[in-house]
Amino acid sequence: MPELRSIILAAGKGTRMKSAIPKVLHAVCGQPILRYVLDVSRAAGARKTYVVVGHQADAVRDFVGAAAEVIEQTQLLGTADAVRRVVPFLKNFSGDVLILCGDAPLLEKPTIRALVNRHRRADAVCTVLSAEVADPAGYGRIVRDNAGEIMAIREHQDADSRERKIPEINVGVYCVRSRDLLRALSGVTFNGRKKEFYLTDIVAILRQAKLKVQAVKIRDSREGLGINTRRDLALAQKVMGGKILQAFMDNGVTLVDPVNTYIGHDVKIGRDTVIQPFVYIDHDVRIGKDCQIGPFCRLRPGTRLGDRVQIGNFGEVSRSGFGDQSVMKHFGFVGDTRIGKNVNIGAGFVTANYDGKSKNKTVIGDKAFIGSNSTVVAPVNIAAQAVLGAGSVLTQGRKIPAGKVAVGVPARVVR
Ligand code: UD1
Ligand code: CA
């Protein structure tokens, strides 16, 4: 099988986002758009990925890090010009090149794998991913000949009224034989109207050379969504968020009201856990089996809940673990805390984990009992089976020994 490399186009300005942040670094479900595209590139089997950066190049380069080779496009002269920046790196490469847009986070890995497979099975020189959409305005249109073969891609601005009615659009993903890509690129001429070199011109160039070009349609056109505006971003969030929720339900998690539930990426939830309405679960959260979460609670990054844990209304947990069967049923804040098993936390408990300079840790042992409306000023340590009385304030550096009871402001051990 020929080797695969990929190019991600991420140099564009993203003018319509009206943002100081580069477009590809805006988040969908808590993760930058570009991360999704990098993941797809890897899953497709690319042995090497080049990311073309331009607008706010440094920020994008910092984000990419070691995940790919970053190449700068100093003047934003269009998508063909962006790919040309990679040509020097492809001089001795004879495999296939997968070209992806850095602003399309909804493409699924199986879709891209299928595209590469279809390309190889058909022994094509170029395979274009297309989609049929209700509103094709703004996208390049797939122009087919009488035999139904793709002839060209016509950009919206250059399309006549008949072509504008074509509902099949160019998603912006291509699999091209490297040598033919390089040859076709050298034939792309400057489009005076848009002041750009169009990558889409390679389709007509390759067809004129009598080479095999094909367009493969995606089944779910939503995957092709390119983010150009904040509205597109919200739509992508809705689609991606919906897929995340569906996957949890398919894996045995009850979502009482999915429409009013937010779950970010990189979350794991065990079977038979029930998520009540208005729960916000950020990325990097782990929840065990048979837990009861919500309604109205927020689990922030670094939350680790064991099995049969209950976090009730207005509970907020951040960078903290709850052992099996521990409960915090009513409002409270737990941050930078390690809680053992079978711990009961009363209503209105607060860990004061931040002293203005650093975040400090709280440790609570197995079967400890934390009274309502109490506060601990971290760092503190409440040993196993210890009790902190209702309304108490356990001050910084204090410890309640195993099985002992502390009460008062400041809390003191009473027996
Ligand atoms: C492009 C396609 C269009 C397709 C659409 C899909 C061309 C000429 N048109 O249009 O057929 O339907 O994507 O979303 O290719 N970029 C660079 N350098 C540049 C210009 C753009 O790296 O000089 C990058 C952008 O960051 C972006 C991608 O290329 O990730 C696409 O560019 P964009 O300007 O969004 O193209 P569209 O007008 O959407
Ligand atoms: Ca775009």
Side-chain angles (χ1 to χ4, degrees), residues 6-17 19 21-26 32-34 36-38 40-41 50-57 59-61 63-64 68 70-86 99-107 126 128-133 135-143 150 152-159 163-164 166-174 176 184-185 188-191 193-205 215 217-218 221-229 231-233 235-236:
S6 82
I7 300 173
I8 299 175
L9 305 181
K13 249 193 169 150
T15 315
R16 286 167 284 172
M17 290 293 284
S19 173
I21 304 165
K23 176 164 85 170
V24 295
L25 298 188
H26 278 266
I33 295 168
L34 185 55
Y36 294 96
V37 187
L38 285 164
V40 159
S41 167
Y50 306 96
V51 180
V52 182
V53 302
H55 181 67
Q56 296 207 21
V60 183
R61 184 182 285 114
F63 174 74
V64 172
V70 174
I71 294 166
E72 195 159 341
Q73 182 190 20
T74 37
Q75 255 187 306
L76 302 182
L77 292 175
T79 44
D81 180 74
V83 176
R84 275 182 185 152
R85 299 305 115 213
V86 189
I99 302 172
L100 300 160
C101 284
D103 65 353
L106 298 180
L107 281 165
C126 174
V128 176
L129 192 63
S130 73
E132 211 158 298
V133 297
D135 179 15
Y139 287 101
R141 307 298 206 286
I142 305 291
V143 183
I150 179 171
I153 298 173
R154 191 85 64 240
E155 287 307 298
H156 182 88
Q157 286 188 316
D158 306 316
E163 288 166 337
R164 285 194 179 181
I166 299 173
E168 189 184 3
I169 60 109
N170 169 31
V171 168
V173 175
Y174 322 78
V176 200
L185 276 177
V188 174
T189 54
F190 193 65
N191 181 299
R193 185 173 353 196
K194 243 198 128 185
K195 306 232 173 331
E196 279 185 12
F197 292 96
Y198 290 167
L199 179 60
T200 44
D201 285 354
I202 65 168
V203 168
I205 293 170
K217 224 184 272 178
I218 324 188
S221 66
R222 293 179 308 177
E223 279 187 43
L225 178 72
I227 313 283
N228 295 315
T229 63
R231 290 183 188 212
D232 294 332
L233 188 69
L235 187 58

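Counting begins at 1 with the first residue of the sequence. Treat the numbers as computed from the prediction; the structure is a model and nothing was measured. We count ligands from 1, going down the list as the structure has it; atoms in each ligand are counted the same way.
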Using a 4.5 Å cut-off on heavy atoms from C-beta on, say whether the side chain of [Y] contacts that of [X].
X	Y	value
Phe63	Val51	no
Ile227	His26	no
Ile202	Val83	no
Tyr174	Thr200	yes
Met17	Leu233	yes
Ser221	Glu132	no
Lys217	Ile142	no
Gln157	Lys194	yes

Is there a polar contact between ligand 1 and [X], counting only N or O atoms under 3.5 Å apart?
X	result
Gly12	yes
Val52	no
Leu9	yes
Asn170	yes

State the atoms of ligand 1, each with its element, that fall below the 4.0 Å cut-off from a heavy-atom position in [X].
X	value
Val171	6 (C), 14 (O)
Gly102	30 (O)
Leu76	23 (O)
Gln73	17 (C), 18 (N), 19 (C), 22 (O), 23 (O)
Ala82	17 (C), 18 (N), 22 (O)
Leu77	23 (O)
Gly140	3 (C), 4 (C), 11 (O), 12 (O)
Gly78	18 (N), 19 (C), 20 (C), 23 (O)

- Task: Sort out for me which residue in Asp103, Asp232, Thr229 forms a side-chain hydrogen bond (donor to acceptor under 3.5 Å, both in side chains) with Lys23.
- Result: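 The option that passes is Asp103.
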- Query: For Val143, does its backbone N or O pair with a side-chain atom of Arg154 as donor and acceptor, under 3.5 Å?
  - Reply: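 No, Arg154 side chain to Val143 backbone: no donor-acceptor pair under 3.5 Å.
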- Message: Using modelled atom types and a 3.5 Å cut-off, is there a donor and acceptor pairing between side-chain atoms of Arg141 and backbone atoms of His156?
- Response: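 Not confirmed, Arg141 side chain does not pair with His156 backbone.
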Just to confirm my output: which protein heavy-atom neighbour is closest to [atom], and how far is it?
atom	result
atom 21 (C) of ligand 1	Thr79 CG2, 3.9 Å
atom 33 (P) of ligand 1	Asp103 OD2, 4.9 Å
atom 11 (O) of ligand 1	Glu155 OE2, 2.6 Å

How far apart are the closest heavy atoms of [X] and [Y], and which atoms are they?
X	Y	answer
Arg222	Leu106	O-CD1, 3.5 Å
Val53	Ala11	C-CB, 3.5 Å
Ile8	Ser41	CD1-CB, 4.3 Å
Ala104	Ile33	N-CG2, 4.2 Å

Where does [X] meet ligand 1, judged by heavy-atom distances below 4.0 Å: at the side chain, the backbone, both, or neither?
X	result
Ala11	both
Val24	neither
Ala10	backbone

Could you tell me whether [atom] has a protein heavy atom closer than 4.0 Å?
atom	result
atom 37 (P) of ligand 1	no
atom 18 (N) of ligand 1	yes
atom 29 (O) of ligand 1	yes
atom 13 (O) of ligand 1	no
atom 1 (C) of ligand 1	no

- Should Leu199 and Val188 be marked as a side chain to side chain contact (heavy atoms under 4.5 Å, CB included) after you check the CA-CA gap, both sets of side-chain angles, and the distance that decides it? CA-CA 8 Å; Leu199 179 60; Val188 174; over 6 Å; no
- When you draw lines from the Ca ion (ligand 2) to OD2 of Asp103 and to OD1 of Asn228, what angle lies between them, to the nearest 10°?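 My answer is 80°, to the nearest 10°.
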With a 4.0 Å cut-off on heavy atoms, is [X] in contact with ligand 1?
X	answer
Ile169	no
Cys101	yes
Asp81	no

